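The figures here come from the full heavy-atom set of this structure, side chains too, leaving out hydrogens, waters and symmetry mates. Numbering of ligands and ligand atoms starts at 1, following listing order. Every value quoted in this text rests on a predicted model; they were computed, and no experiment measured them.
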Amino acid sequence: MAQGNDRLRGKSAVVTGAAMGIGRATAELFAREGARLVLTDIQGDPLLALADELRRGGAEVETVVGDVSVEDDARRMIAAAAERFGRLDVLVANAGIIPLGDAMEMTTADWDQVMAIDGRGMFLTCKFAIESMLPTGGGAIVCLSSISGLAGQKRQAAYGPAKFVATGLTMHLAVEWADRGIRVNAVAPGTIRTERVSRLRDEPGGAEYLADIERMHPMGRLGEPAEVARAIAFLASDEASFITGAVLPVDGGFLAQ
Ligand SMILES: NC(=O)c1ccc[n+]([C@@H]2O[C@H](COP(=O)([O-])OP(=O)(O)OC[C@H]3O[C@@H](n4cnc5c(N)ncnc54)[C@H](O)[C@@H]3O)[C@@H](O)[C@H]2O)c1
């Protein structure tokens, strides 16, 4: 395993949605940086395979399979950190789905599902994380917002508003808990080459959408999951000790236009 810089040495961290994409890249980097990990996902098999791989590299890893939108599952994911490692220092609230479609295409069920997972799931995991961090003097939370949580885009009539929830939750929780030692920040990735985004090529209109979106990033390419993971690790680490309530674009210049 490639060596990290020990920026998270000994910290106990929960990563939701860790089986794939940005969550997986974050888990891999956190392991290299010395974190003790609780990895959670709704998909058991790839989650357990990742955990085994990281353990072989020497990391301490616990897993919880569950759905962040279900209150008891969210509680179990967070509780696992204190149970296994005695405390919780970091939450990466990453689990989410990315349904794409305009307001004519998106149904009530689509809206409810993305708000339940990306919205309520993020709220619940943050809520239980704060509860767990308070007795030990604080911690750091990093939420996954998006360029779609800071600006409008086409074909994101349900997903985009759900990412505005992530942005809003980050800012409100940051102010609410700053004096209790809990920092809450977000990253706002541009389009990142994850499993979800790669699958777009097979969806109606997906290939054209991808070509357009690539052109819309001033750097002329999509981002890589590891590039988002590095920003998450910075915000989670003590290097970001005076940063809270920030929403950091990791977007190849998209939002600067
Ligand atoms: N990929 C991008 O371009 C991009 C851009 C901006 C923001 N984001 C955000 O980053 C996060 C991760 O996205 P990704 O592209 O890596 O997606 P992904 O689909 O590749 O991975 C998401 C992971 O979350 C898990 N998950 C989904 N629903 C869950 C649930 N209810 N409970 C627990 N786990 C669940 C999935 O099983 C999967 O492992 C999301 O919050 C997304 O909104 C992604």
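- The option with the heavy atom closest to atom 1 (N) of ligand 1, from among I42, T125, T194, L39, is T194.
- Under the side-chain contact (heavy atoms from CB on, under 4.5 Å) rule, I22 has a single partner from V92, V228, V15, which is V228.
- Taking any N or O of I192, backbone or side chain, at least one lies under 3.5 Å from an N or O belonging to ligand 1.
- Residue contacts with ligand 1 for K163 involve side-chain atoms from C-beta outward but no N, CA, C or O (heavy atoms, distance under 4.0 Å).
- Regarding atom 16 (O) of ligand 1, its nearest protein heavy-atom neighbour is I22 N, 2.9 Å.
- Scanning the protein for heavy atoms near atom 17 (O) of ligand 1, the closest one is R196 CB, 4.0 Å.
- At a 4.0 Å heavy-atom cut-off, ligand 1 touches S145 through the backbone alone.
- Inclusion of S146 in the set of residues having an N or O under 3.5 Å from an N or O of ligand 1 is not warranted.
- Salt-bridge check for R199 with E195: failed, with every basic side-chain N at 4.0 Å or more from each acidic carboxylate O.
- When S198, A19, G96, G21 are checked for heavy-atom proximity to atom 22 (C) of ligand 1, G96 turns out nearest.
- Nearest protein heavy-atom neighbour of atom 5 (C) of ligand 1: G190 O, 3.1 Å.
- Side-chain contact, D110 with T107: a donor N or O sits under 3.5 Å from an acceptor N or O.
- Here E71 contributes atom CD and R120 contributes atom CZ; the two are 9.0 Å apart, rounded to the nearest 0.5 Å.
- Nearest non-hydrogen protein atom to atom 23 (C) of ligand 1 is G17 O, 3.6 Å.
- Counting protein heavy atoms only, atom 12 (C) of ligand 1 is closest to N94 OD1, 3.2 Å.
- A salt bridge does not link R32 with E28: none of the charged nitrogens is closer than 4.0 Å to a carboxylate oxygen.
- With 3.5 Å as the limit, one finds a donor-acceptor pair spanning the side chains of T167 and S145.
- Looking at E105 and R155, a side-chain N of the basic residue comes within less than 4.0 Å of a carboxylate O on the acidic one, giving a salt bridge.
- Looking at atom 8 (N) of ligand 1, its nearest protein heavy atom turns out to be Y159 OH, 3.6 Å.
- By the 3.5 Å distance cut-off applied to N or O atoms, V68 is counted among the residues near ligand 1.
- Scanning I147, D67, I98, T191 for the heavy atom closest to atom 13 (O) of ligand 1 points to I98.
- Taking only nitrogen or oxygen atoms, main chain and side chain alike, S69 does not reach within less than 3.5 Å of ligand 1.
- Of the listed options V65, D41, V114, D41 places a heavy atom closest to atom 38 (C) of ligand 1.
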